[in-house]
Amino acid sequence: MTGVERTTEAGWSAWWRRWPCWVARAAVLWAVLYAGFGLVCALSGNSLLYHGGDSVASGLGWAVVAVGALAMVVSAAVVQYGLPPALRVLLWAVCGLAAITAFSLLMDVITLTLGQGVDSWASAVNKALAAVGAALLAATARSDRRPGGTAVREPSAAPRLVQRAAWTGTLAFVPYAAMKLVWASGGTFAGTTGQEMLAASERNGASGIFLALESWGLDPTALLAALGVFLLWGLVRPWGQVFPRWTLFLRGRRVPRWLPLAPALLGAATLAPYGVVGGGYLTLATAGVVTIRRGDFDSSGDALLVGWIGMVAFAVYGIALTIGAYSYWLRTRPACPVSVSPE
């Protein structure tokens, strides 16, 4: 590394450590951008809510304008007056609204990763902007709580209970991955053959990459589940804090905290509520209170079976990911250096 690179890296590191000084101003800029985006969508009639095969006219653009305007006022007040309790409460409230708006962003990321276009670009951009805003508003709400130290902690494993949660989240994905791989290999599950599932995926607009992997016996969602399990164990094991040997040129270097935490928080915020709410719906369907749609399956019972396998996997894994991310965040916080008093 050259001297210029070291100076640049040190400058970025120093700027990042001063985040409590600038994050409220960044939140103001985001709020202006977000409100402007909502205003353009509202005036152009571009819907930000997508449902099924048609964009739903919902007036959500004006709701985005309202959230952005409220965030702008609150963040500007923090810049001017600091963080009294009332402003902190308002920040967390607006942060919650932004987080709700960002729900299902992970699904858009997955479809783009698989080479498939999103259903609505306006909706996808709205979710991405809302996720950035939720992070900035949360950071602003904590900007008066300075870190307790600067010393780097030694890599450590998560407590035993957290690792048990990781095992639970891993095992919850086994039936889901097995079901998907049965279909990908041409087998039959829940009365539906692999060929029928492949035809249904093609009919529902799956991308060429998705269909190619399926035809090779590799289900993309099973592969993503494997990556999710890898992320989960990176959060609870020491190799998630220092790059291991097999990473070649990166080995021995510290893993940036944001690298595992960003996808972990995105996944937890999507999968945990999706699985829990979906599980509640399936409970009502199992009890006969509501009727579940057959979809691409031969009977409602088959659809219910597949639904339970998926929702249990998402809910349990999402909760385990939340626990693992929180443990990782605690274990990688800067520690107070130990001072030795002279005798």
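None of these values were measured; they are calculated from a predicted model. The residues of the chain are indexed from 1 along the displayed sequence. In what follows, every heavy atom counts, from backbone to side chain, and hydrogens, waters and symmetry copies are set aside.
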In terms of hydrophobic clusters joined by side-chain contacts under 4.5 Å, are Val162 and Leu231 together? yes

State, to 0.1 Å, how close Ala134 and Cys95 come at their nearest heavy-atom pair, and which atoms those are. O-SG, 3.3 Å

Using modelled atom types only, decide if a donor and an acceptor are shared between the side chain of Ser185 and the backbone of Val182 within a distance under 3.5 Å. yes

Please walk me through it: do Tyr317 and Tyr176 pass ring-ring contact (aromatic ring centres under 6.0 Å, His included)? CA-CA 11 Å; Tyr317 173 80; Tyr176 177 82; over 10 Å; no

Trace of the side-chain contact (heavy atoms from CB on, under 4.5 Å) decision for Leu43 with Trp62: CA-CA 9 Å; Leu43 294 178; Trp62 294 112; 4.0 Å; yes

Can you see whether Trp308 engages Thr286 through a side-chain donor-acceptor pair at a distance of less than 3.5 angstrom? yes

On the 0 to 90° scale, with breaks at 30° and 60°, tag the Phe173-Phe314 ring pair as parallel, tilted or perpendicular. perpendicular

Consider only side-chain heavy atoms of I, L, V, M, F, W and Y, link residues closer than 4.5 Å, and tell whether Met72 and Val132 are in one cluster. no

Residues Val255 and Pro260: closest non-hydrogen pair is CG1-CD, 4.0 Å

Kindly determine whether Val306 and Met179 satisfy side-chain contact (heavy atoms from CB on, under 4.5 Å), including the steps that lead there. CA-CA 8 Å; Val306 173; Met179 174 182 69; 3.9 Å; yes

Quick check on side-chain contact (heavy atoms from CB on, under 4.5 Å): which of Val28, Asp144, Leu90, Leu87 does Val78 satisfy it with? Leu87

Looking at side-chain heavy atoms only, is the closest gap between Phe189 and Met197 below 4.5 Å? no

In terms of heavy-atom contacts, does CZ of Phe103 have more than 12 from other residues, nucleotides or ligands at under 6.0 Å? yes

In the structure I gave you, are the side-chain heavy atoms of Tyr328 and Leu261 within less than 4.5 Å of one another anywhere? yes

Return yes if a side-chain donor-acceptor contact under 3.5 Å exists between Gln241 and Arg257, otherwise no. no

Between Ser327 and Gly324, is there a donor-acceptor pair closer than 3.5 Å when you use the side chain of the first and the backbone of the second? no

Distance under 6.0 Å and angle within 45° of the ring axis: does Arg333 meet both against Trp329? yes

With sequence neighbours excluded, residues passing side chain to side chain contact (heavy atoms under 4.5 Å, CB included) with Leu227: Leu224

Gap between atom CG of Leu305 and atom CD1 of Ile292 - 0.5 Å precision: 10.0 Å

Pairwise side-chain contact, Thr101 with Val67, heavy-atom cut-off 4.5 Å (strictly under): no

Judged by atom type as modelled, is there a donor-acceptor pair below 3.5 Å linking the side chain of Thr270 to the main-chain atoms of Gly267? no

Which atoms form the tightest heavy-atom contact between Val65 and Gly38, and what is the distance? CG2-C, 3.4 Å

Cluster question for you: counting only ILVMFWY and a side-chain heavy-atom cut-off of under 4.5 Å, with indirect links fine, are Val64 and Val73 together? no

Sorted by chain and residue number, the ring-ring contact (aromatic ring centres under 6.0 Å, His included) partners of Phe230 (sequence neighbours excluded) come out as Trp239

Keeping Arg331 on the side-chain end and Ser156 on the backbone end, is there a donor-acceptor pair under 3.5 Å? yes

Might you work through the side-chain contact (heavy atoms from CB on, under 4.5 Å) test for Trp92 and Arg142, ending with a clear yes or no? CA-CA 10 Å; Trp92 283 118; Arg142 296 182 57 86; 4.0 Å; yes

Thr291 and Tyr281 have their tightest heavy-atom pair at O-OH, 3.2 Å

Hey, could you give me the OG1/CH2 distance between Thr140 and Trp22, rounded to the nearest 0.5 Å? 9.0 Å

Tightest non-hydrogen contact, residues Pro263 and Leu259, listed as CD-O, 3.0 Å

In terms of hydrophobic clustering (I, L, V, M, F, W, Y; side-chain heavy atoms under 4.5 Å; direct or indirect links), are Val242 and Leu330 co-clustered? no

Would you say Gln195's side chain and Gly186's backbone share a donor-acceptor pair under 3.5 angstrom? no

Please tell me whether Ser299 and Asp302 have a donor and an acceptor in their side chains that are separated by less than 3.5 angstrom. yes

Do Phe243 and Trp246 belong to the same hydrophobic cluster, where Ile, Leu, Val, Met, Phe, Trp and Tyr are linked whenever their side-chain heavy atoms lie under 4.5 Å apart, directly or via other members? yes

Would you call the rings of Trp167 and Trp233 parallel, tilted or perpendicular, where under 30° means parallel and over 60° means perpendicular? perpendicular

For Phe37, does the CZ atom sit with more than 12 other heavy atoms under 6.0 Å from it, leaving out its own atoms? yes

What are the two closest non-hydrogen atoms of Ala130 and Ala98, and how far apart are they? CB-O, 3.3 Å

Contact check, side chains of Leu321 and Leu235, non-hydrogen atoms, under 4.5 Å: yes

For the atom pair CD (Gln163) and OG1 (Thr170), what is the distance rounded to the nearest 0.5 Å? 11.0 Å

Just say parallel, tilted or perpendicular for the rings of Phe297 and Trp183, cut-offs at 30° and 60°. tilted

Here the gap from Tyr34 atom OH to Leu39 atom CG, rounded to the nearest 0.5 Å, amounts to 13.0 Å

Heavy-atom side-chain proximity of Arg254 to Pro155 below 4.5 angstrom: yes

In chain order, what residues pass the side-chain hydrogen bond (donor to acceptor under 3.5 Å, both in side chains) check against Arg164, with sequence neighbours excluded? none

Interatomic distance, CG@Leu223 vs CG@Leu181, rounded to 0.5 Å, equals 8.0 Å

What's the separation between atom CZ in Arg237 and atom CG in Leu232, rounded to the nearest 0.5 Å? 12.0 Å

What's the verdict on side-chain contact (heavy atoms from CB on, under 4.5 Å) for Ser75 and Leu91, showing C-alpha distance, side-chain angles and the deciding distance? CA-CA 8 Å; Ser75 301; Leu91 276 172; 4.3 Å; yes

